[in-house]
Amino acid sequence: MLKEASQYDAKLMEQKIQKFWDEIDAYSKVREFRKNGKKFFFVDGPPYTTGRIHLGTAWNKIIKDSILRYKSMNGFNILDRAGWDMHGLPIEVKVEGVLGFRSKKDIEKYGVGNFIAKCKEFALTHRDEMTLQFKNLGVWLNWKDPYMTLRDEYIEAAWWTLKQAHEKKLLEKGLRVVNWCPRCETAIAESEVEYAEETDPSVYIKFQLKGEEDTSIVIWTTTPWTIPANIAVAVHPSFEYVKVRAVKEDKEEILIMAAQLMQNVLKQGRYKNYEILETMPGEDMKIEYEHPLRDKVPQQKAFKHNVYLADFVTAENTGCVHIAPGHGIDDFELGVKNNLPIFCPVGPDGRYTEEAGEYKGMHVRDANETVLDDLSGKGLLLARGTISHRYGHCWRCKTPIIYLATEQWFLKVTEIKDRMLDEIRKVRWYPEWAGSARFADWVTGSRDWCISRQRYWGIPVPVWICESCGEIEVIGTMQELMERSGKPSLDDLHRPNVDSIFIKCRCGERMKRVPDVFDVWFDSAVASWATLRFPRDEKTIKEWWPADFITEGHDQTRGWFYSQLGASMIAFGKAPYRSVLMHGFTLDTEGKKMSKSLGNVVTPEEVVSRYGAESLRLYVLSQNAPWEDLKFSWDEVANVHRMLNILWNVYRFPLPYMILDNFNPFDVKEVPEGLRLEDKWILSRVQSLIKQVDAAMSEYNLHKATRPISEFVLEDLSRWYVQLIRPRTWREANDPDKLAAYYTLYEVLVTVTKLISPFAPHISEEMYQNLVRNVNPDAPASLHMCDWVTPDEKFIDLELEKRMDTVREIVEASSNARQKLKRKLRWPVKRIVVVPVKDEVASAVKSLESVLKEQTNAREIILLKSGETWEELGVEVLPVHAALGPAFKKEAGKVLAELKTVDGRALKKAIEEEGSFRLKEWTITKDMVGFRDSIPPAIAQAAFSSGEVFVDTELTREIESEGYAREVIRRLQDMRKELDLAVEEEIEALVEIRNDKVLELVSELKEFISGEVRAASLVLGSDVEIQGDLVKDWDVEDVRMRMAIKGTVKTS
RNA sequence: GGGCCCGUAGCUUAGCCAGGUGGAGCGUUCGGCUGAUAACCGAGAGGUCCUGCGUUCAAAUCGCAGCGGGCCCA
């Protein structure tokens, strides 16, 4: 049996549904139900387990959930383990914060094992919290068996992959300049560098040429602490450089710099006069210079310092670039190319080493001043100032990063770049440019991937090195490690456990693991096979891999899209995904990034607590194209909520009637014969809607799938169809016409329920449970187990859809016209006249005349021929003064006065037929007058896109009678409502009308009124003793009325 | 500095691929409706389509340059 529904309470309903899903384990049931379907492998981009989810993560999971629900209903067998990214520096930093640690030494003191345990606990706790948050959004993924990067089986996937790299000679240990956080004492990835404004020194330094103390080449830098490591100067081969004799305080010196920057440099150095001695292109510069601090940094005496050519030199500052191959990426590459020493006198803690001579032990952060003072003392500082620029910081601890040349492990992805680009072309990208433009561009410019980090909480790099012969071995699995080390069991592959495992080298000596852990990006890079438990399980990967679909934000272009592709190319030689949907970012209303510091963060919880998860879901899905950034707007969420409320009301409205009538949709075996045209129309519309949703979903255009559903619910279903069928539902007898309406509305509601279910899974489930399950216990237990709807062409009638559009336009135009004469819709009008300009209008009006009559509340519809003028329109005469004046001279005034009173239609007819008109003693000719249709006072006109409509509001006794009767009915209904009476309950009503004429008019329709308001007794009079459960005074069109109603026993 | 995306009413947006009188919703003003009712419907006002230049008979739409925002990189 159907049940009545109460008002829409999103939160209550969502909690109820989520509880229901839990109780019957709906997720597992649905996946199990589809297990013989076509396989669809989805890999969840793993969120990082720190803190709470934000709007962007919510959006991300909502997209995934909606698409998977859609795929499932379409019969796919889905594999969708949720994923968690649980290693890495961010968690280490959080744990360090909790424990009050400031450096790696504190961790070592505390014990690596203890520290790892804390990190693990942190990750697991946050995973649980975040799982709950996602579930509250109604997101269905495999939460019971998620993949977690901290599991041994996952670590093995990473190990195995590295072993492949090693075997394919794509793993390399090398000295590279990396971004280095001196606090965390580790290399950090490009993606872990956060840029922020920083004030730094901006200094011009003179490097004296060897053997020419008076002559210097001028360089500029913002990092004076790198000067002790200077090895070379770079100039641009095609820039012009000048040798200038410059004078300051009566001292002369010779300076070398780029010609176009000379003025600026001399100004900076406050030189008064100058003279250009020589001009040369960069490529002709053969210069050797002395290191400015060679007395402080003795090692520098052993190096030669020369000028080299480089394209990366820009025409800024001096045009001569200070090169420290140990402290810059370009510098390093230039050094390698020219066989320069990679001199890096700075240790991992950011302090100068022994090699820095007198600077030893000083932190580079404090060194700038000292170095500048030393240079100044030697007279080598040309100018010093400060500059505010963007500088990289460690994204976790906010420490300014430095560049350091260190020994790191690299994946040589640059060697397989071409194949990666080939693979990108094979993947389907949504939108297309995400792959062809954005991703391809990023891959083209990518460098070798530094995968090692000098930290603790991560997947240990499975490289063992012989302490004696230096032989390298990469371990691929736990089993292999046990075999090689002779350990019978291993329980956890993290540090410090693995640090104490040694294996035996071929040379007979001991091999020890390198101390590094992986860059976390390598963890998630192997997700597509780690989630299939490869290499532990070798069978599943054959059945499922590669992934059919992944979707993440556009920041993941250089992140997960890239890391996965790189790792997969190394491991399997092909892309790990077949299709990728790139989505946008959530921004605030201004289009600015949401950030704590700006205080503009909106959390998913806030939205859910105000409007429910369903509103948030449908909002993020429908607001934008998925790949565009989403500017969050509370108003728009409220709007979506409103739509859901209307859907709910449309669902709720027929229930009491259907229940009262014992309507059982399953008794209706076939489409009832008595369907009205409006029924056929809405059935056609809903079928067309299915097509529209399917077309949009085939391109993952979630916005184009969801918007038409909302529009259908609001425009077609609520604002039109429900309004049309209301009178039918009120009929009491067992009327086939009513049944047809029930049948139709029921069909439409069930279809809409399915259509909206991937996007709004709660409200649709609730509706389904009542509409379908309560009537048919054999139906699938959950809506999400139902098959997707397929459009049934036999119901589609586009011609009818078009006609109905026309009729709706006419109805709108007629309400517009009514408004002009302030005639309420409650008051019938004698007739409306439709004047089409297109022929289609006629067929629409004819076939849907009953709809038109009812919705316009018109007694009669008159349809004219296309282009015909309605004969009852008057004709207004527009005198042409320029013609009348000369023709009648002094009498023109009189003629004008006459023209105002003349019968315009007769005048027009005469002019048209005979060319002139006899107006008293004057002859009016064609050139003297113009004409315009004039609308009689009781008639109002309004246009619609394919014609115009006239509404005749002339009152008749009968119309007035009905008008007043309806005024009385409306007020009695209002009072019923106020007493909260049930629909079927009968009342006793008393109405006192202190106006004899109106009383008489109303009394004529006493029976009608009683019927409409379900009155067992109705008393109408001019002096009635008023009493009842509710008494009210009303002012009806300036007539005072007093009404009372009393509820009686239910007639049941 | 480079790549990609975005810029349309006070707000959120459709239209742009394929050039031809810019449509909605929210908000606002006015009116209506009342057996979905803490709902609902109609109308009015509100636009330098980011700016400039170009192509064209015709540009929100195509091209170029610039400005602003986002992501990524340097």
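Below, chains carry the letters A, B, ... as their sequence lines are ordered, and counting in each starts from 1.
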*Rounded to the nearest Å, what distance is computed from the CD1 atom of residue Ile810(A) to the P atom of nucleotide G42(B)?*
16 Å
_Per the salt bridge (Lys or Arg N to Asp or Glu O under 4.0 Å) rule, what does the pair list look like for residues 633-647 of chain A, sequence neighbours excluded?_
none
*Within this structure, what is the CZ-to-P distance between Phe653(A) and C33(B), rounded to whole angstrom?*
20 Å
*Taking only residues two or more places apart in sequence or in another chain, which ones pass side-chain contact (heavy atoms from CB on, under 4.5 Å) with Asn624(A)?*
Glu628(A), Leu630(A)
*For His322(A), enumerate each residue passing the ring-ring contact (aromatic ring centres under 6.0 Å, His included) test, keeping only those at least two apart in sequence or located in another chain.*
none
*Within the structure shown, what part of the strands sits under 4.0 Å from Ser718(A) by heavy-atom distance: base, sugar-phosphate, or nothing?*
base
*Does a nitrogen or oxygen in the side chain of Gln7(A) sit under 4.0 Å from OP1 or OP2 of A38(B)?*
yes
When you compare the protein's N or O atoms with those of nucleotides 25-27 of chain B, which come within less than 3.5 Å of each other, and at what distance?
unit_1 : atom_1 : unit_2    : atom_2 : d
G25(B) : O2'    : Asn639(A) : ND2    : 2.6
G25(B) : N2     : Glu636(A) : OE2    : 3.1

*Return the 5'-most residue of the pair Lys704(A), Met582(A) with respect to RNA chain B, ranking by each residue's nearest nucleotide.*
Met582(A)
*Return the value, rounded to whole Å, for the distance between atom CZ of Arg438(A) and atom P of C4(B).*
10 Å
*Per Trp442(A) side chain, nearest of listed nucleotides C4(B), C40(B), C72(B)*: C72(B)
*Considering residues, nucleotides and ligands other than Arg971(A), do more than 12 of their heavy atoms fall under 6.0 Å from its CZ?*
yes
*Is the distance from OP1 or OP2 of U13(B) to the nearest side-chain N or O of Asn624(A) less than 4.0 Å?*
yes
*Please report, rounded to the nearest Å, how far the P atom of C6(B) is from the NE2 atom of His583(A).*
17 Å
*Rounded to the nearest angstrom, tell me the gap between atom CG in Asp331(A) and atom P in A74(B).*
14 Å
*Closer to the 5' end of RNA chain B via nearest nucleotide, is it Arg966(A) or His703(A)?*
His703(A)
_I'd like to check the side-chain contact (heavy atoms from CB on, under 4.5 Å) partners of Gln260(A); sequence neighbours left out, ordered by chain and number._
Phe239(A), Ala315(A)
*Test salt bridge (charged side-chain N to carboxylate O under 4.0 Å, His left out) on Lys704(A) and Glu699(A) and set out the steps.*
CA-CA 10 Å; Lys704(A) 289 192 177 173; Glu699(A) 296 286 320; over 6 Å; no
*Under the salt bridge (Lys or Arg N to Asp or Glu O under 4.0 Å) test, residues paired with Glu962(A) that sit two or more places apart*: Arg859(A), Arg966(A)
_Please report the distance, rounded to the nearest Å, between CH2 in Trp648(A) and P in C40(B)._
17 Å
